[in-house]
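Have a look at the structure below before the remarks.
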Amino acid sequence: MRIKLFISLIIIPFLMNQIQAAEEVAKVAKARGQVQIKQQADAVFSSLKPGQSVFDGDIVKVGGEGFCIIVFLDDKSMLKIRESSQFQFMETANTRTINIEFGKVLADVKKDKRKDFRIETPVSVASVKGTQFWTVSNQMGFDKFYGLEGDVEVFNSISGQFQSLGPGQMTLSTATGQLVTSPASPEEVPDDPDDEEEEPEEEAEEEEEEEEEESTEEEPEPEVEEEVIEEEVPEEEIPEEEIPEETPETDVPDVEEEEEAPEPEEEGPFNLGAGLGSVTIDGVIYNQLALRPEIKFGKLGVGLDLVMYIDPQGNIRKDEWDEPTDFFDKILYVSWGAKGDPFFARYGTLENMTLGYGGLIYGYSNTMEFPEVRRIGLNGGMKFGKFGTELFVANFKDFGRGGGLVGGRFTFNPFSKLTLGANIVMDINQYSGLKDFDEDGVPDLLDDFPEDGDYDTDTDGDGIADEIDPDQDGDGYTDNSQDTSIVNNDPDGAVLKPDPFDIDEVDARSVLGLSVDAGYPVFSSKMFSINLYAEGNMLQFADDKSGIGLVPFGANATIFKIINISFEYRMDSDFYAPRFFDQAYDLDRVVITEDTTGNLSVTTKDQVLDISEGQRSGFYGAASLGLFNLVSASASYTDMSSDNGDTLRSFTSALALNTDNIPKISQAYAYYQRNNDDNPFDFANPSPNTILGYRIGYEVSTGVSLVWDYRRLHADLDGDGVISEDVEGEIINILNIETVFDF
């Protein structure tokens, strides 16, 4: 039985794989030093020589001092592979993928419509159609992409963020989910070894011509040729070096013709994502069918989220399609450029929103409750001379409820290195974060008729609003009335519910934050860099409460470009909480709590934190690094204390596995955050400031993955200071399971 099972699971698939002929996709135009290849049928690597064919599924490895040029047969696109690199060719009917494990690869992609071209690493995906760019990927989860020509769209597989890369720019993508685009320093861009070789060759040819004119001696000529050939390839490969000479020659007219054609430049790449899975909304499990097309025209990007939710009875949830404003929710984003550009803007979803050094707002996201709650925000900025500005709106829908979280940053560079900054963040009314479906001003959790804007109170719970119920308290008597014609009046009178909280009838509860900062890079090199900074922050709450937070000394350093360390000495006074507007702000901005007598009340974040008056001091530290091409990790810790024993501590962490070492796992990421708490390490007893989650992707086949996206949030609804599973709604689990297709 075991032998039959072995034959079924191992031998038969192996034989079928051998029967299928691999497709020839490219040829080797040049190979120098140690260049090896391993085909699908081979168990070990063998030498790769000029003129040799490359097939779908082949793995190419370039040694420490090697160099290789590979030209694709169909469109003459070219790969230049530098030393210490390894990657695999993957071909489908519509997509050409280069899976880079590590190394440096220059891709010169021709403007051909037949196939989409993608560079994939364990952390990132770069999608192009006609461009030239470098990919530099190390084994610790750090990728760098350098744009030379055209546009590249870089996607971080960990965080789901994407940015556009243009000529003269560099995009950094890390295993901790960071994705940052900035101007590229010319010194950082890898050199093209092929260009370095051509210069001495041309000089040698000129010298030969001069020598031929001055003398008839022919002996120096072969000596020069031998030197050039021996430098390029091993001695035994000299005859085969002549084989691919025709390929580069045919490339020249093809490149010229495609560069002159304007049509491909006008069209941008189109990507269609599809998802099948389940999602829980308002406590009901729905089957989800989603189409997420993304369209790119130059720096303009558009992403849509066209989703249908189907309940267990097969009915389509109509709440997402029954109002004109619902169609704005279908816009996932509209973007122009990226941070670092002279002008950039993004409308829709916002991720990792940070201003300055993060004393006020750090890592804010308006998607923490997506898809149950869809927020539409805006982030944009521009630079003009020595001045710069950045603005953001967290959710335009809040304006209709008299509130909104908004902010901005202004910078000035008086001279080349020093940067001065000022930030402002304001929540106009924290109450506007309450969910109010019928928009009558009464939050859904306090509204006995959350879908009817005319009524909100039902004392006896009989489904008839007090305003029209003759027996409001449900005791069987008609309630007392001035109308003497009404009989059977209630002898005791009706004891009714108090009027519920109404956002339209209470004073707005705002939060205002102001800050200034200064930063100066004191040292920078390829191995080590350090930046010093200082920051001052102020928070103004309602009830005339305010606080100040100072960072008189802060430093962040980069070591070998793979280790990042930050340290701050902090001083706070009165009612100040660092990073008040954090990733979980929309979750604890305003909550509804219930006391021991069953009374419900509305409480804002500053009231829940219960920050005491006084002075505190302490430190903040953070670090991120990669470990042996296996895992990347980041963590931060804040410890503030006062003379009277009050403490304010925070802890955040993230962990990402290099899935290249795990078969069939396309992504693996987990995170934990607990800010402004007494003991952030009390994992058994979470607080409202605690969020955690993970994202796991299983690759079913090329281009098809099954993704689990889990988030756990917490709320202290009964106000007892304890998060309990016995109280409904205090533990909020959000799990999305999707089968994701990438076309």
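Separation of atoms CD1 (I376) and CG (L378) is listed at 11.0 Å; rounding is to 0.5 Å. Remark: F392 CZ to R346 CZ distance equals 15.0 Å, nearest 0.5 Å. Atom CD1 of I119 sits about 9.5 Å away from atom OG1 of T121, to the nearest 0.5 Å. Taking CG of L165 as the reference point, atom OG of S127 lies at 12.0 Å (rounded to 0.5 Å). Taken to the nearest 0.5 Å, the CD1 atom of I559 stands 9.0 Å off from the OG atom of S529. Remark: K104 NZ to S137 OG distance equals 11.5 Å, nearest 0.5 Å.
Residues passing the side chain to side chain donor-acceptor pair (under 3.5 Å) test with Y672, sequence neighbours excluded: none. For Y671, there are no side chain to side chain donor-acceptor pair (under 3.5 Å) partners, not counting sequence neighbours. The salt bridge (charged side-chain N to carboxylate O under 4.0 Å, His left out) test applied to R409 returns D517, not counting sequence neighbours. In this view, R649 and D639 satisfy the salt bridge (charged side-chain N to carboxylate O under 4.0 Å, His left out) rule, not counting sequence neighbours. Listed by chain and residue number, K605 satisfy the salt bridge (charged side-chain N to carboxylate O under 4.0 Å, His left out) test with D582 (two or more places apart in sequence, or in another chain). For S573, the side chain to side chain contact (heavy atoms under 4.5 Å, CB included) criterion is met by I548, Q615, not counting sequence neighbours. By the side chain to side chain donor-acceptor pair (under 3.5 Å) test, Y533 is found to be paired with E568, residues two or more places apart in sequence or in another chain being considered. Taking S84 as the reference, nothing meets the side chain to side chain contact (heavy atoms under 4.5 Å, CB included) condition, with sequence neighbours excluded. The side chain to side chain donor-acceptor pair (under 3.5 Å) check on T135 picks up nothing, with sequence neighbours excluded. Qualifying side chain to side chain contact (heavy atoms under 4.5 Å, CB included) partners for P521, counting only residues two or more places apart in sequence or in other chains: K417, N531. In terms of the salt bridge (charged side-chain N to carboxylate O under 4.0 Å, His left out) criterion, E83 has no residue partners (sequence neighbours excluded).
Ring pair Y637/F681: centre-to-centre distance below 6.0 Å.
N423 and S515 form a side-chain donor-acceptor contact under 3.5 Å, judged by distance and modelled atom types alone. Between the side chains of T367 and S365, a donor-acceptor pair is found at a separation under 3.5 Å. Side-chain contact, S636 with T652: a donor N or O sits under 3.5 Å from an acceptor N or O. Counted by atom type alone, D427 and Y585 present one or more donor-acceptor pairs between their side chains at under 3.5 Å. Under the 3.5 Å distance criterion, with hydrogens and angles disregarded, a donor-acceptor pair is assigned to the side chains of S124 and S173. N366 and E351 are not linked by any side-chain donor-acceptor pair at a separation below 3.5 angstrom, with hydrogens and angles left out of the test. Inspection of the R579 and Y620 side chains reveals an N or O donor paired with an N or O acceptor under 3.5 Å. A donor and an acceptor atom, one from each side chain of T95 and D116, are nowhere located under 3.5 Å apart. Side-chain N/O atoms of T181 and Q169 include no donor and acceptor closer than 3.5 Å. Inspection of the D58 and Q88 side chains reveals no N or O donor paired with an N or O acceptor under 3.5 Å.
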inquiry  = As a quick check of understanding, evaluate side chain to side chain contact (heavy atoms under 4.5 Å, CB included) for F145 and V154, giving each step before the final call.
reply    = CA-CA 8 Å; F145 300 89; V154 181; 3.7 Å; yes

task = Kindly determine whether D586 and Y364 satisfy side chain to side chain donor-acceptor pair (under 3.5 Å), including the steps that lead there.
result = CA-CA 9 Å; D586 284 326; Y364 170 79; 2.6 Å; yes

request  = For K61 and E101, run salt bridge (Lys or Arg N to Asp or Glu O under 4.0 Å): C-alpha distance rounded to whole Å, both residues' side-chain angles, the deciding distance at 0.1 Å, then the answer.
outcome  = CA-CA 10 Å; K61 180 166 65 174; E101 294 188 29; over 6 Å; no

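Pairs passing the salt bridge (Lys or Arg N to Asp or Glu O under 4.0 Å) check and including a residue from residues 667-682, sequence neighbours excluded, read R674-D677.
Nearest approach of L355 to G407, heavy atoms of both residues: CD1-C, 4.5 Å. Residues I691 and A584 approach most closely at CG2-CB, 3.8 Å, considering heavy atoms. Taking each heavy atom of T354 and G363 in turn, the nearest pair found is OG1-N, 2.9 Å. Nearest heavy-atom pair across A338 and F344 is O-CB, 3.4 Å. The minimum heavy-atom distance linking P686 with I723 is given by the pair O-CG1, 3.1 Å. Of all heavy-atom pairs spanning G513 and L360, the tightest one is C-CD1, 3.6 Å.
Side-chain contact check for Y669 versus Y694: every heavy-atom pair is 4.5 Å or farther apart. Side-chain contact check for W134 versus L106: some heavy-atom pair is nearer than 4.5 Å. When side chains are defined from C-beta on, V60 counts as touching F87, because their heavy atoms get closer than 4.5 Å. For the pair F619 and T638, the minimum side-chain heavy-atom distance is 4.5 Å or more. Looking at heavy atoms from C-beta onward, N379 lies out of side-chain contact with L391 at the 4.5 angstrom threshold. In this structure, R695 and W708 have side chains that are not in contact, with every pair of non-hydrogen atoms separated by 4.5 Å or more. Taking the side chain as every heavy atom from C-beta outward, V105 and K80 never approach each other to under 4.5 Å. Using a 4.5 Å cut-off on side-chain heavy atoms (C-beta onward), S624 and I563 make no contact.
Applying the 6.0 Å contact sphere to OH of Y347 captures more than 12 heavy atoms from other residues, nucleotides or ligands. Other residues, nucleotides and ligands contribute over 12 non-hydrogen atoms within 6.0 Å of the CE atom of M368.
Taking the charged nitrogens against the carboxylate oxygens, R374 and E369 have no contact shorter than 4.0 Å, which rules out a salt bridge.
Put simply, the side chain of S157 gets close to the backbone of V123: a donor and an acceptor are under 3.5 Å apart. Put simply, the side chain of R711 never gets that close to the backbone of I732: no donor and acceptor are under 3.5 Å apart. H714 contributes no side-chain N or O that, together with a main-chain N or O of I731, makes up a donor-acceptor pair within less than 3.5 Å. Between the side chain of D572 and the backbone N or O of G547, no donor-acceptor pair lies under 3.5 Å.
The aromatic rings of F133 and F117 sit perpendicular, their planes meeting at an angle over 60°, well past the 30° parallel limit. Ring-plane geometry between F553 and F567 is classed as tilted, the angle between the planes lying from 30 to 60 degrees on a 0 to 90 degree scale.
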